[in-house]
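Before any comments, here is the structure.
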Amino acid sequence: MALGDWWRHGVIYQIYPRSFQDSNGDGIGDLPGITSRLDHLNDGTPGSLGVDAIWLSPFYPSPMADFGYDVADYCDVAPEYGTLADFDELLAQAHRRGIRVLVDFVPNHTSDRHPWFVASRSSREDPRRDWYVWRDPKPDGSPPNNWRSIFRAVGGAWTFDHPTGQYYLHSFLPQQPDLDWWNPEVRAAMHDVLRFWLDRGVDGFRIDVAHKMARDPELRDNPAELAQGDVAGIQRRDEDWPEVHVILREFRRLLDAYGDRMAVGEVGIYDPERLVRYFGEAQDELQLAFNFAFLVQPWRAGAFRESVDRYEQLLPAGAWPTYTLSNHDNPRARSRYADGDDAGAVRRARVAAMLLLTLRGTPFLYYGEEIGQADGEVPADRVVDRDGRDPERTPMQWDAGPGAGFTSGDPWLPIGSEARAVNVAAQRDDPRSMLSLYRRLTWFRRRSVALREGSYRPVGRAPGVFAYLREAGTERLLVALNFGHAPAELRGGDQGLPRSGTLEISTDPDRGAGSVPLSSLELGPDEGVVIRL
Ligand code: GLC
Ligand code: CA
């Protein structure tokens, strides 16, 4: 596989369609809205964000119990988001701008309103019965085993269905019954879904919970030690079952038959040794697998350095890392690193941006991160998600107007309280803004072979500082990130660095350009720099 694969050196931007841009005033983002905002993402000039691809969270017909991750028809568009023609137009307009498009593929479960489940539920004899996981109660009437839903509020992963007297499995909401991937008819039907979108011209897929599709066929209890979470070396029985790799290899063969298409898996596994298996022993599974370490580890230089170093060591030859700072399931970077200090939180979010866009690996950027949008405040009477994820899904803040430029109507989730100050329009022409920093970083990365494809090597152990070299050919860049609130110093002399380098980018807009001494590199509080050697 050539190192030139677009998904290795591109920046991928996640759009949550419901929250990006409403085009018809119903308060719900939609596909024509996304099309109208493509120039923000990449119009070919450094005035735009310069992303290479977008990933669209689900826009398929759905009862929206889990806002689209409960799919009722894999091959259509929900009326509130538009039509298939709107999708085709979005795809064409994106491609015209050189933006690739990934759609979300949700293979583990359907909606309970999907015709497959409606049939499956109708009788024990229905030909679709075995498309889902149905089991008799235990003799005392209790569920078949001790598996739990991923959503804490849901509790157990089984729901009893009175008409046919059996339980069905759901790893998420009861409205999201799990498909049975041991059934070859399920595999064939889902492969048809992949082909449907590939034939329409999409560039690939984000695969929802890619580690969950295969589970113990005997449905044995999870070991009691796992009640509070994963324990290294103890195999869970409700996910990450070896057969999942067969399923992913089948996906890969299907994708490869289409040429330049790819898949990134949402592999919700935090143990890197297990995570790296998802690339396949022969690089024949996922091209990319999300590494979610950054979402959960503390904002400390040592924690970040260790997790990056460990992952770099474990990655099989040819496999490619992927990092992200936030997504529709997790708090935004700006809020996660707030620590009760708002000005500091903005500075830390800037350092995080520099980290994401200078590491070796494909950066995934969640909508709104480019302006430093914070999690929204969602009062109790506006809460719509069962799992507490509304704050990170509040509408994109485009301008200071009442609907933040997102809608002329009532937004489905409240607009963030800072939208008047923190929005695209306010930041576009301000060289000190978060948006300007993001644009500088993305366009710098586009032109830098060292950042896109070069090697990664950590340098120095200055307390509070995470520093690394990115090198390719004659291009050598030093990235130094101060995770602390106090000034810090990196002694480059001890690291074999040249005496001085040229500052390319600082997260501090007040730092002057030009030559900087490396024998003792001074970093301001929460400051990150990229220096050319
Ligand atoms: C994934 C999605 C999440 C969804 C779940 C069930 O984790 O990212 O939003 O609720 O799968 O589909
Ligand atoms: Ca709309």
Side-chain angles (χ1 to χ4, degrees), residues 14-37 55-60 62-72 74 77-83 86 90 102-112 114 148-154 157 169-179 190 205-213 238-240 264-270 289-290 292 295-296 324 326-331 364 366-367 384-393 395-396 403-413:
Q14 179 189 357
I15 293 178
Y16 195 69
R18 210 173 177 79
S19 299
F20 198 60
Q21 178 64 53
D22 173 22
S23 70
N24 61 356
D26 67 357
I28 296 174
D30 44 53
L31 299 187
I34 297 171
T35 306
S36 73
R37 293 295 191 180
W55 145 34
L56 303 171
S57 279
F59 49 77
Y60 317 109
S62 162
M64 305 289 168
D66 189 15
F67 294 101
Y69 283 97
D70 48 328
V71 180
Y74 287 99
V77 174
E80 62 208 283
Y81 296 147
T83 62
D86 292 330
L90 165 55
L102 310 183
V103 298
D104 214 307
F105 179 52
V106 187
N108 178 68
H109 46 268
T110 69
S111 160
D112 62 341
H114 194 294
R148 312 284 299 166
S149 163
I150 296 288
F151 298 147
R152 267 165 209 261
V154 171
L169 178 69
H170 50 85
S171 297
F172 296 90
L173 297 175
Q175 295 94 326
Q176 294 169 294
D178 281 27
L179 285 160
M190 293 305 264
F205 301 92
R206 177 264 190 185
I207 301 180
D208 193 60
V209 288
H211 58 306
K212 277 211 151 287
M213 281 170 284
D238 58 345
E239 64 180 40
D240 191 30
V264 54
E266 184 208 18
V267 182
I269 293 178
Y270 294 83
F290 279 111
F292 292 132
L295 298 175
V296 293
T324 193
S326 53
N327 60 32
H328 64 293
D329 297 326
N330 290 279
F364 275 75
Y366 185 48
Y367 84 90
V384 289
D385 179 49
R386 280 291 292 281
D387 199 38
R389 297 166 296 180
D390 296 324
E392 57 261 30
R393 299 174 177 179
M396 178 70 182
F406 162 72
T407 184
S408 57
D410 288 332
W412 76 286
L413 279 176

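Numbering of ligands and ligand atoms starts at 1, following listing order.
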Notebook entry, point to check: Under 3.5 Å, is there a donor-acceptor pair linking the side chains of Tyr69 and Asp104?
Noted result: yes
Check: Nearest protein heavy-atom contact for atom 5 (C) of ligand 1: which residue, which atom, what distance?
Finding: Phe172 CE2, 3.7 Å
Margin query: Counting only heavy atoms closer than 4.0 Å, does ligand 1 sit against the backbone of Tyr16, its side chain, both, or neither?
Written below: neither
Item checked: Over all atoms of both residues, closest heavy-atom pair of Leu413 and Val384 -> CD2-CG2, 3.8 Å
Check: Which residue and non-hydrogen atom of the protein lie closest to atom 11 (O) of ligand 1, and at what distance in Å?
Finding: Asp208 OD1, 2.9 Å
Next item on the list: Around atom 7 (O) of ligand 1, find the nearest protein heavy atom and jot down its residue, atom name and distance.
Entry: Glu266 OE2, 2.8 Å
Notebook entry, point to check: Does the side chain of His328 pick up a donor-acceptor pair with the side chain of Gln14 at under 3.5 Å?
Noted result: yes
Notebook entry, point to check: If you stand at the Ca ion (ligand 2) and look out to OD1 of Asn24 and O of Ile28, what angle do those two lines make, to 10°?
Noted result: 150°
Note to self: Need the ligand 1 atom indices (1-based, order shown) with element for anything under 4.0 Å from a heavy-atom of His109.
What the structure shows: 6 (C), 12 (O)
Notebook entry, point to check: Taking atom 3 (C) of ligand 1 as the point of reference, which of Asn108, Asp329, Asn330, Val209 owns the nearest heavy atom?
Noted result: Asp329
Next item on the list: Look at the N, O or S atoms of Gly25, main chain and side chain alike, and state whether any lies under 3.0 Å from the Ca ion (ligand 2).
Entry: no
Next item on the list: Tell me whether Asp22 has at least one N, O or S atom under 3.0 Å from the Ca ion (ligand 2).
Entry: yes
Note to self: At under 4.0 Å between heavy atoms, is it the side chain or the backbone of Arg206 that contacts ligand 1, or both, or neither?
What the structure shows: side chain
Check: Among Trp55, Tyr270, Tyr366, whose ring-ring contact (aromatic ring centres under 6.0 Å, His included) with Phe290 holds?
Finding: Trp55
Notebook entry, point to check: What are the atoms of ligand 1, with element, lying closer than 4.0 Å to any heavy atom of Arg393?
Noted result: 9 (O)
Checklist line | Donor + acceptor pair across side chains of Thr407, Asp22 (<3.5 Å) | finding: yes
Checklist line | OD1 (Asp26) - the Ca ion (ligand 2) - OD2 (Asp30) angle, nearest 10° | finding: 170°
Next item on the list: May I ask you to list the atoms of ligand 1 that are less than 4.0 angstrom from any heavy atom of Arg389?
Entry: 3 (C), 4 (C), 9 (O), 10 (O)
Next item on the list: Check side-chain contact (heavy atoms from CB on, under 4.5 Å) between Asn330 and all other residues, then give those that pass, not counting sequence neighbours.
Entry: Leu295, Asn327
Next item on the list: For the residue pair Tyr74 and His114, categorise the inter-ring angle as parallel (less than 30°), tilted (30 to 60°) or perpendicular (more than 60°).
Entry: tilted
Item checked: Close approach, Phe151 and ligand 1, non-hydrogen under 4.0 angstrom -> yes
Notebook entry, point to check: What protein heavy atom sits nearest atom 4 (C) of ligand 1, and how far off is it?
Noted result: Asp66 OD2, 3.3 Å
